[in-house]
> 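Handing you a structure now.
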Amino acid sequence: VRPWAKSIKKAVANRVMPPWHADPSFGKWSNDISLSQEEIDTIVRWVDAGAPQGDKADLPGPAEFSEGWQIGEPDVVIDMGRDFEIPAEGVVPYKFFAVKTNFGEDKWIKRMEARAGNLDVVHHIVMYIRNPGEGVANPDAGLFGNGLLGALSPGNTPSIYHEGEGKLIKNGATLMFNMHYNTSGVATTDRSYVGLVFHDEPVKKQVITRGIANTDFEIPPFAGNYAIGSAFTFEEAVTVRALMPHMHYRGKAFDYVAVYPDGRRDILLSVPRYAFDWQVYYYPEKPIHLPGGTRIECLAHMDNSEKNLLNPDPAETVRFGEQTFEEMMIGWVDYTVDSEDLTLLTANETADDAGQTGGQ
């Protein structure tokens, strides 16, 4: 550590590391890895003192790093069905791979982890569920939440749900792998996969994913702080389980605001320093309860100026698109419907009705 002490001091003092981008003034998050000011001051004092080793008797044992799955041993591992060839150069459009499941019964997902077969070329994996009768002809139908199972993206973590909550894969469903590849200068192949852990106990609530998105925008050339908004109203009372803002290279800041039926406004999450390489799900320390009629407003700010070092071309007018040199504005929300209790249904009713609740 010592040879890097001055760099560590700079990164820690500027709150570049650990990578955490939420404003602490709004909300508390169970996965918050940021340092307190006292912790930062301790590290700064240590560096300024010459990075002394301290008492060897206090030295902890070597760190133990996890090998294999972060979700524990999966009940089943499913790959995307075949090897896919990625060229050495060029732009690869999003690719979809449909894989039929054969579980023999409906399954509720407790934990999910998507893993890249080839990290050199896989930018992200988005997993969708297509239950029997829904078809797979239009994979983009799930873009903003419909049937979304989970994802692997830079900085993201596996999907792990609370006890009694999960996502449903019906018997005979098809899993859709939405693959985004970046070329690496070398022709190669990929065969990515997903691990699933099933619930053993009855599930009370289905976790629903909603993307509060705006696809109709044009960011002018050289605009340094261009605002884009989107909104969604919940008809029923819901409990928010996670929030995740998503933008591309021009993403600068993102806010979620709850507007209650009585007109009150509450900032649920503010990310003033969005980082494309750290697409973090923010899990509330305490569940966020929203009464029916609450509207969530999302506000993104984009930096299309030459000051944005990640900007592919500040002279371009930027529109919505899947590739990272285009732009997206999506405020992802995971939630459950307060009135739902699937344990009160029969087995057949559960299979037929789960997934219908909360379709606001």
> Does either side chain, that of Asp334 or that of Thr209, offer a donor lying less than 3.5 Å from an acceptor on the other one?
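Indeed, the side chains of Asp334 and Thr209 share at least one donor-acceptor pair under 3.5 Å.
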> Just wondering, do Pro18 and Ile33 contact through their side chains at under 4.5 Å, heavy atoms?
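They are in side-chain contact.
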> Under a 3.5 Å threshold, yes or no: a donor from one side chain and an acceptor from the other, between Gln70 and Arg115?
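There is no such pair between these side chains.
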> Ignoring hydrogens and geometry, is there a side-chain-to-backbone donor-acceptor pair from Asp106 to Asn171 under 3.5 Å?
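Side chain of Asp106 to backbone of Asn171: a pair is present.
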> Hydrophobic clustering (ILVMFWY, side-chain heavy atoms < 4.5 Å, transitive) - are Trp29 and Phe26 grouped together?
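No: no chain of side-chain contacts under 4.5 Å links Phe26 to Trp29.
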> Looking at side-chain heavy atoms only, is the closest gap between Arg273 and His21 below 4.5 Å?
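Yes; the side chains approach each other to less than 4.5 Å.
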> I'd like to know if the side chain of Asp190 reaches the main chain of Gly117, judged simply by a donor and an acceptor atom lying under 3.5 Å from each other, with no hydrogens or angles considered.
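Pair found, side chain donor or acceptor close to backbone of Gly117.
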> Would you find a donor on one side and an acceptor on the other, under 3.5 Å apart, between the side chain of Thr101 and the backbone of Ala173?
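Yes; judged by distance alone, with no hydrogens or angles, the pair exists.
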> In terms of hydrophobic clustering (I, L, V, M, F, W, Y; side-chain heavy atoms under 4.5 Å; direct or indirect links), are Val207 and Val197 co-clustered?
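Different clusters.
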> Pick one: which of Val257, Leu268, Ile212, Ile330 meets side-chain contact (heavy atoms from CB on, under 4.5 Å) with Cys298?
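Output: one option passes, namely Ile212.
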> Looking at every heavy atom in both Pro132 and Lys170, which two are closest together, and how far apart are they?
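Looking at all heavy atoms of both residues, the shortest contact is CD-CB, 4.0 Å.
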> If Ile, Leu, Val, Met, Phe, Trp and Tyr residues are connected whenever their side-chain heavy atoms lie under 4.5 Å apart, and connections chain through other members, are Trp4 and Val44 in the same group?
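Linked, Trp4 and Val44 end up in one cluster.
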> Could you check whether Arg111 pairs with Glu113 (Lys NZ or Arg NE/NH1/NH2 to Asp/Glu carboxylate O, under 4.0 Å)?
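Not counted as a salt bridge, because no side-chain N and carboxylate O are separated by less than 4.0 Å.
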> At what distance, to the nearest 0.5 angstrom, does CZ of Phe96 lie from CZ of Arg130?
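It is 8.5 Å, given to the nearest 0.5 Å.
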> Would you check if Asp266 and Tyr260 make a side-chain contact, meaning some heavy-atom pair closer than 4.5 Å?
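SC-SC contact between Asp266 and Tyr260 confirmed.
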> If hydrophobic clusters are built from ILVMFWY residues whose side chains come within less than 4.5 Å, do Phe222 and Ile219 share one?
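Different clusters: Phe222 never reaches Ile219 through Ile, Leu, Val, Met, Phe, Trp or Tyr contacts under 4.5 Å.
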> Side chain of Glu39, backbone of Ser36: donor and acceptor closer than 3.5 Å?
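At least one qualifying donor-acceptor pair exists.
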> Would you give me the side-chain donor-acceptor pairs under 3.5 Å for residues 278-290, sequence neighbours excluded?
from: Gln279; atom 1: OE1; to: His246; atom 2: ND1; distance (Å): 2.9
from: Gln279; atom 1: NE2; to: Phe276; atom 2: O; distance (Å): 3.2
from: His289; atom 1: ND1; to: Thr239; atom 2: OG1; distance (Å): 2.9

> May I ask you to decide if Ile129's main-chain N or O and Lys167's side chain share a donor-acceptor pair within less than 3.5 Å?
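It does not hold such a pair.
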> Could you tell me whether a side-chain N or O of Thr324 sits under 3.5 Å from a main-chain N or O of His248, the two making a donor and an acceptor?
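A pair under 3.5 Å: no.
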> Mind checking the CG-OG spacing from Asp277 to Ser153? Nearest 0.5 Å is all I need.
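Answer for the CG-OG pair, Asp277 versus Ser153, is 10.5 Å.
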> Any donor-acceptor pair under 3.5 Å linking the side chain of Arg15 with the backbone of Leu35?
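At least one qualifying donor-acceptor pair exists.
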> Suppose we screen for ring-ring contact (aromatic ring centres under 6.0 Å, His included). Which residues come up paired with Phe198, at least two apart in sequence or across chains?
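Once residues adjacent in sequence are excluded, the partners of Phe198 under the ring-ring contact (aromatic ring centres under 6.0 Å, His included) criterion are Phe103.
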> Do the charged groups of Lys110 and Glu163 touch, with an N to O distance under 4.0 Å?
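Here Lys110 pairs with Glu163 in a salt bridge, since their nearest N and O are under 4.0 Å apart.
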> Atom CE of Met329 and atom CZ of Phe217: how far apart are they, to the nearest 0.5 Å?
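Between Met329 CE and Phe217 CZ, I get 8.5 Å after rounding to 0.5 Å.
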> For the residue pair Gly164 and Val203, what are the closest heavy atoms and their distance?
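Distance-wise, the nearest heavy atoms are O-CG1, 3.5 Å.
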> What are the two closest non-hydrogen atoms of His301 and Met247, and how far apart are they?
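Scanning both residues, the minimum pair turns out to be O-SD, 4.3 Å.
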> Could you check if a side-chain atom of His199 sits within less than 4.5 angstrom of a side-chain atom of Ile109, using non-hydrogen atoms only?
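No, every pair of side-chain atoms sits at 4.5 Å or beyond.
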> Would you mind writing out the side-chain donor-acceptor pairs for residues 77-92 within the sub-3.5 Å range, not counting sequence neighbours?
from: Asp79; atom 1: OD1; to: Gly81; atom 2: N; distance (Å): 2.8
from: Asp79; atom 1: OD2; to: Arg191; atom 2: NE; distance (Å): 3.1
from: Asp83; atom 1: OD1; to: Arg191; atom 2: NH1; distance (Å): 3.4

> Please evaluate residues Glu327 and Met302 with respect to the criterion side-chain contact (heavy atoms from CB on, under 4.5 Å), reporting the C-alpha separation (whole Å), side-chain torsions for both, the decisive distance (0.1 Å), and the verdict.
CA-CA 9 Å; Glu327 197 50 70; Met302 303 285 184; 3.7 Å; yes
> Please name all residues satisfying ring-ring contact (aromatic ring centres under 6.0 Å, His included) with Tyr256, sequence neighbours left out, ordered by chain then number.
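Tyr256: ring-ring contact (aromatic ring centres under 6.0 Å, His included) contacts with Phe254.
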> Quick one, Thr183 and Val121 - any side-chain contact, counting heavy atoms below 4.5 Å?
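No, every pair of side-chain atoms sits at 4.5 Å or beyond.
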> Measure the NE2-CD distance between His123 and Gln323 for me, rounded to the nearest 0.5 Å.
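His123 atom NE2 to Gln323 atom CD measures 10.0 Å (nearest 0.5 Å).
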> Would the distance check show the side chain of Thr336 and the main-chain N or O of Gln206 forming a donor-acceptor pair, the cut-off being under 3.5 Å?
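Checked: no pair found.
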> Got a second to check how far Arg319's CZ is from Met328's CE, nearest 0.5 Å?
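If I round to the nearest 0.5 Å, the distance is 16.0 Å.
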> Do His180 and Glu322 have side-chain heavy atoms sitting under 4.5 Å apart?
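The answer is no; the side chains never approach within 4.5 Å.
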> Would you please name every residue forming a salt bridge (Lys or Arg N to Asp or Glu O under 4.0 Å) with Arg241, sequence neighbours left out?
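Salt bridge (Lys or Arg N to Asp or Glu O under 4.0 Å) check on Arg241 returns Glu165.
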> What are the two closest non-hydrogen atoms of Leu152 and Ala116, and how far apart are they?
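Where Leu152 meets Ala116 most closely, the heavy atoms are CD2-N, 3.6 Å.
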> Determine whether Asp338 and Glu236 make a side-chain contact, defined as any pair of heavy atoms from C-beta on separated by less than 4.5 Å.
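No, side chains not in contact.
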> What are the two closest non-hydrogen atoms of Leu299 and Ala227, and how far apart are they?
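Taking Leu299 first and Ala227 second, the nearest heavy atoms are CD1-CB, 4.1 Å.
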> With the side chain counted from C-beta on, respond yes when Thr294 and Val259 share a heavy-atom pair under 4.5 Å apart, and no when they do not.
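No, their side chains stay 4.5 Å or more apart.
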> If you take the centroid of each ring, where Trp contributes its six-membered ring, are Phe177 and Tyr193 closer together than 6.0 Å?
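Not close enough - the centres of the two rings lie 6.0 Å or further apart.
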> Going hydrophobic residue to hydrophobic residue with side-chain gaps under 4.5 angstrom, can you get from Tyr94 over to Leu148?
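Yes.
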> Start with the C-alpha gap between Val318 and Tyr226, add the side-chain angles, then the distance that decides, and say whether side-chain contact (heavy atoms from CB on, under 4.5 Å) holds.
CA-CA 11 Å; Val318 184; Tyr226 188 78; over 6 Å; no
> If we ignore hydrogens and angles and just use 3.5 Å, is the side chain of Tyr128 paired with the main-chain N or O of Gly150 as donor and acceptor?
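No; zero donor-acceptor contacts below 3.5 Å.
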> Under 3.5 Å, side-chain donor or acceptor atoms of residues 308-317 against the rest of the protein: list the pairs with distances, not counting sequence neighbours.
from: Asn308; atom 1: OD1; to: Leu310; atom 2: N; distance (Å): 3.0
from: Asn308; atom 1: ND2; to: Tyr249; atom 2: O; distance (Å): 3.1
from: Asn308; atom 1: ND2; to: Asp303; atom 2: O; distance (Å): 2.9
from: Asn311; atom 1: OD1; to: Arg250; atom 2: NE; distance (Å): 3.2
from: Asn311; atom 1: OD1; to: Arg250; atom 2: NH2; distance (Å): 3.3
from: Asn311; atom 1: OD1; to: Asp313; atom 2: N; distance (Å): 3.3
from: Asn311; atom 1: ND2; to: Asn304; atom 2: O; distance (Å): 3.1
from: Asn311; atom 1: ND2; to: Asn304; atom 2: OD1; distance (Å): 3.0
from: Asn311; atom 1: ND2; to: Ser305; atom 2: O; distance (Å): 3.2
from: Asp313; atom 1: OD1; to: Ala315; atom 2: N; distance (Å): 3.0

> Kindly give the heavy-atom pair with the smallest separation between Leu269 and Pro245, and that separation in Å.
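Between these two residues, the closest heavy atoms are CD2-CD, 4.3 Å.
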> Tell me whether Trp46 contacts the main-chain N or O of Pro52 through its side chain, where contact means a donor paired with an acceptor under 3.5 Å.
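Judged by distance alone, yes, a pair lies under 3.5 Å.
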